[in-house]
Amino acid sequence: MNELILEGILTTTNEDGTPHVAVMGAAVDPTGGVWFERMVLRPFGNTRTLMNLQRTDQAVFHVTDDARLLAQAAIGRLDPLPELVPTKAVRGWSLVDCCRWYALRVAKIEPPVPRADIEAEVVDREQIREFLGFNRAKHAIVEAAILATRAHFVSREALQAELARLAKPIQKTGGALEREALELLERYVQEATKGTS
Ligand SMILES: Cc1cc2nc3c(=O)[nH]c(=O)nc-3n(C[C@H](O)[C@H](O)[C@H](O)COP(=O)(O)O)c2cc1C
């Protein structure tokens, strides 16, 4: 299988019925275009996303080019949540502003070691708007956001060196939203590593 991992936003439903929004990778086969029939999700064992998927078997995966949203979601700074609407094919939520969404029904869950392996069928999908296109700043934000989620177990020096490297294409090729996302991630990493060396 010609598999690659798309980074996107996954919504699931919490026990109290409210939506949960997280950044998550989804393995897809892009050979036949973008209307994938299945996806594989790999949430870590300690995530709310996995708990919600185990309980409800349903989720919605979003392709987006909104780097600021991705950065905010990665560090848990989505207050308020982005605008969401209920989906019909699954009991879930789709982002009003995204490029495409895929409603997912879980077919199989392998236990987390340390990540679960979740095969999901796409039961509905929609294109909302076109993907903007390649942009170095947006892709650098994806990398910086991953780095931020590792802030608690990577050394402060290594984090800051990598962030400084990623800041260059963001400042050179990004717009206001990408620069705002960078500032958000830089502040988060600074706070998370305060007092460490
Ligand atoms: C680009 C990107 C991709 C990510 N992919 C995954 C993933 O595949 N599995 C995972 O468990 N966490 C992934 N994360 C980290 C989660 O977004 C983060 O840990 C989040 O808090 C999920 O936990 P939660 O469900 O408890 O909110 C990713 C983060 C980023 C920035």
Side-chain angles (χ1 to χ4, degrees), residues 3-29 36 38-82 84 92-93 95 98-99 102 104 106 108-120 131 134-154 159 162-163 165-167 169-170 174 177-178 180-189 191-192:
E3 183 181 282
L4 62 72
I5 295 173
L6 282 181
E7 308 297 354
I9 302 283
L10 190 79
T11 56
T12 52
T13 303
N14 295 319
E15 207 155 7
D16 64 2
T18 56
H20 180 66
V21 179
V23 188
M24 202 66 42
V28 298
D29 182 350
F36 320 112
R38 56 184 289 282
M39 293 188 172
V40 177
L41 305 169
R42 298 198 174 98
F44 282 103
N46 57 353
T47 57
R48 180 181 284 261
T49 296
L50 177 59
M51 272 167 34
N52 288 345
L53 279 165
Q54 284 169 324
R55 200 185 57 258
T56 66
D57 280 346
Q58 298 173 33
V60 182
F61 182 81
H62 303 78
V63 171
T64 182
D65 50 22
D66 186 340
R68 184 178 60 176
L69 174 66
L70 188 135
Q72 289 170 327
I75 59 172
R77 299 283 155 86
L78 284 174
D79 190 15
L81 286 178
L84 295 156
W93 311 88
L95 289 169
C98 65
C99 299
Y102 302 84
L104 304 177
V106 171
K108 193 168 139 202
I109 301 192
E110 298 285 342
V113 279
R115 287 180 188 221
D117 221 77
I118 302 183
E119 278 184 36
F131 187 75
F134 284 139
N135 169 252
R136 291 178 65 204
K138 287 184 189 289
H139 290 87
I141 289 292
V142 177
E143 295 301 324
I146 291 179
L147 208 60
T149 64
R150 297 179 184 157
H152 297 285
F153 49 88
V154 177
L159 283 169
E162 187 61 9
L163 268 182
R165 189 183 71 78
L166 292 166
I170 296 169
L177 291 191
E178 289 71 34
E180 201 184 309
L182 174 65
E183 276 169 30
L184 198 72
L185 294 172
E186 283 174 337
R187 265 204 311 277
Y188 175 83
V189 167
E191 278 164 28

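Only a predicted model underlies this, so the values are computations on that prediction, with no experimental measurement involved. Each ligand, and each atom within it, is numbered from 1 in the order the structure gives.
- Residue I146 has no N or O atom closer than 3.5 Å to an N or O atom of ligand 1.
- Shown in contact with A74 at under 4.0 Å from a heavy atom are these atoms of ligand 1, numbered in order with element: 31 (C).
- The shortest non-hydrogen separation linking R38 to V40 is NH2-CG2, 3.5 Å.
- Of the protein's non-hydrogen atoms, the one nearest atom 3 (C) of ligand 1 is E7 OE1, 3.2 Å.
- Among H139, K138, R68, R136, the one residue that satisfies the side-chain hydrogen bond (donor to acceptor under 3.5 Å, both in side chains) test with E178 is K138.
- A heavy-atom distance below 4.5 Å is found between the side chains of L69 and L78.
- In terms of protein heavy-atom proximity, atom 7 (C) of ligand 1 is closest to M24 SD, 3.4 Å.
- Put simply, atom 21 (O) of ligand 1 has no protein non-hydrogen atoms near it, under 4.0 Å away.
- The residues R42 and D117 are annotated as salt-bridged, a charged nitrogen and a carboxylate oxygen being separated by less than 4.0 angstrom.
- Across all their heavy atoms, A148 and I75 have their closest contact at CB-CG2, 3.8 Å.
- Using a 4.5 Å cut-off on side-chain heavy atoms (C-beta onward), Y102 and V63 make contact.
- Minimum interatomic distance between P82 and L95 (heavy atoms only, all atoms of both residues): CG-CD2, 3.5 Å.
- With hydrogens left out, the protein atom closest to atom 9 (N) of ligand 1 is R42 O, 3.0 Å, a heavy atom.
- Under the side-chain hydrogen bond (donor to acceptor under 3.5 Å, both in side chains) criterion, R187 pairs with no residue at all, not counting sequence neighbours.
- The atoms of ligand 1 that sit less than 4.0 Å from any heavy atom of R115 are 7 (C), 8 (O), 9 (N).
- At the top of the distance list for atom 23 (O) of ligand 1, counting protein heavy atoms only, stands T47 CG2, 3.4 Å.
- Checking only distances, N46 never comes within under 3.5 Å of ligand 1, N or O to N or O.
- L182 is listed as a side-chain neighbour of I141, based on a closest heavy-atom distance under 4.5 Å.
- Per-residue contacts place P43 under 4.0 angstrom from the following atoms of ligand 1 (heavy atoms of the residue considered): 9 (N), 10 (C), 11 (O).
- The atoms of ligand 1 that sit less than 4.0 Å from any heavy atom of V142 are 1 (C).
- The shortest side-chain heavy-atom distance between I9 and C98 does not fall under the 4.5 Å cut-off.
- At a 3.5 angstrom cut-off on N or O pairs, R48 counts as close to ligand 1.
- The shortest separation from a heavy atom of H20 to ligand 1 is under 4.0 Å, placing the residue in contact.
- What sits closest to atom 11 (O) of ligand 1 on the protein, heavy atoms only, is F44 N, 2.7 Å.
- Considering backbone and side-chain atoms together, G25 places an N or O closer than 3.5 Å to an N or O of ligand 1.
- Of all atoms in ligand 1, listed by their number and element, those nearer than 4.0 Å to a heavy atom of A145 are 31 (C).
- Using 4.0 Å as the threshold, E143 has no heavy atom nearer than that to any atom of ligand 1.
- Donor-acceptor pairing under 3.5 Å is recorded for the side chains of N14 and T18.
- Among V23, L53, I9, L70, the residue whose heavy atom sits closest to atom 15 (C) of ligand 1 is V23.
- For a threshold of 3.5 Å applied to N or O pairs, the pair formed by T49 and ligand 1 contains at least one separation below that value.
- Of the protein's heavy atoms, none falls inside 4.0 Å of atom 18 (C) of ligand 1.
- Residues T12 and W93 share a closest heavy-atom pair of O-CD1, 4.0 Å.
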